[in-house]
Amino acid sequence: MIIYAVKDYEEMSRKAAAVMAALVVSKPNAVLGLATGSTPVGMYGKLVEWYKNGDLDFSQVSSVNLDEYKGLSGDNDQSYRYFMNTNLFDHINIDKARTNVPNGLAEDAAQACEEYNEIIRSMGGVDMQLLGIGGNGHIGFNEPSDVFEKETHVVDLTESTILANARFFESMDQVPKQAITMGIKNIMDARKILLVATGEGKADALYKSLFGPITPKVPASILQLHSDVVVVADEAALSLIKEKGLL
Ligand code: GLP
């Protein structure tokens, strides 16, 4: 595992973008596993900037996103499809037909999950999976649980995640209570993992995930078993790890 300890959000964004850009340069038809949340926004901004400078070409890249809220359509401004379009896809030369986000409106969600697994397989797997981390250690929407869910599935969001998401919605009853997410096996199958974290709110989750016991109670802890993980985190997110003398 490589841990890049950076100063702040700006540096995290630049470093994480550089890790992903290196892949796109060396493998123009890379399959990118992408993530939402506020953490990667700055990183996506950097990728857009470098594309506009002529340094990156996404014309042969394809992508698969981690998760989507159940019940939201892609043009709802809180959906993860909308997020990806507005933060990245609309500003680079990626072919949108090659970008995949789970369908939050599928009538048969179980079937939609199966189809999503099939899409990932048909792309030949994910070259690099970007991950943020929830304050409770969740990745994608794999919430703390008694078991690691393997593949794409429908999940009931925990109270803490619903509360964390509430800031983006006008009222509590608009906050989705369920999501469709890739499972832990889908994530672990990626050839490389890029985990980004910023701020003190992630310090505990990051410490437990990188140095604590491997347990589905802290879903990101499974990443300790992956052989190619790059973590880019700022001082605040690494504060507990540093305090314990582990870095
Ligand atoms: C949501 C997403 C996760 C993301 C997490 C943290 O739950 N499903 O993929 O990592 O939020 O978000 P943020 O980066 O805004 O802290």
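Count residues from 1 along the sequence. All ligand and atom numbering here is 1-based and tracks the order in the structure. Keep in mind it's a predicted model, so treat the numbers as computed, not measured.
Of the protein's heavy atoms, T36 O, 4.0 Å lies nearest to atom 4 (C) of ligand 1. Nearest non-hydrogen protein atom to atom 6 (C) of ligand 1 is I133 O, 3.6 Å. Protein heavy atom at the shortest distance from atom 12 (O) of ligand 1 is G37 CA, 3.9 Å. Ranking protein heavy atoms by distance to atom 15 (O) of ligand 1, first place goes to S38 OG, 2.6 Å. Looking only at heavy atoms of the protein, atom 11 (O) of ligand 1 is closest to H138 NE2, 3.9 Å.
Atoms of ligand 1 found under 4.0 Å from any heavy atom of G132 (numbered from 1 in listed order, with element): 10 (O). Within ligand 1, the atoms closer than 4.0 Å to a non-hydrogen atom of T39 are 13 (P), 14 (O), 16 (O), numbered from 1 in the order shown. Each of the following atoms of ligand 1 lies closer than 4.0 Å to a heavy atom of R167: 15 (O). Near Y80, with a cut-off below 4.0 Å to any heavy atom, the atoms of ligand 1 are 1 (C), 2 (C), 8 (N).
G140 counts as a contact of ligand 1, since one of its heavy atoms falls under 4.0 Å from the ligand.
At least one N or O atom of K202, backbone or side chain, sits closer than 3.5 Å to an N or O atom of ligand 1. Close N/O approach between D67 and ligand 1 is found [any backbone or side-chain N/O within under 3.5 Å].
In the hydrophobic clustering, V154 connects to I180, either directly or through intervening members, whenever side-chain heavy atoms lie under 4.5 Å apart.
Taking every heavy atom of both residues into account, T181 and F141 meet most closely at OG1-N, 3.0 Å. G135 approaches A205 most closely through the heavy-atom pair O-CB, 3.5 Å.
Geometrically, K244 engages Y207 in a cation-pi contact defined by less than 6.0 Å to the ring centre and at most 45° from the axis.
By the neighbour-count criterion of 12 heavy atoms within 6.0 Å, atom NZ of K96 is densely surrounded, having more than that number from other residues, nucleotides or ligands.
Side chains of F148 and T215 form no contact here, defined as non-hydrogen atoms less than 4.5 Å apart.
Checking E200 against S239 by side-chain atom types alone, no donor-acceptor pair falls below 3.5 Å.
Pairs engaging residues 66-77 under the side-chain hydrogen bond (donor to acceptor under 3.5 Å, both in side chains) rule: Y69-Y80, Y69-N165, S73-D75 [sequence neighbours left out].
At a 4.0 Å heavy-atom cut-off, ligand 1 does not touch A35 at all.
Under a hydrophobic-cluster definition in which Ile, Leu, Val, Met, Phe, Trp and Tyr are linked whenever side-chain heavy atoms come within less than 4.5 Å, directly or via other members, L23 and V31 are assigned to different clusters.
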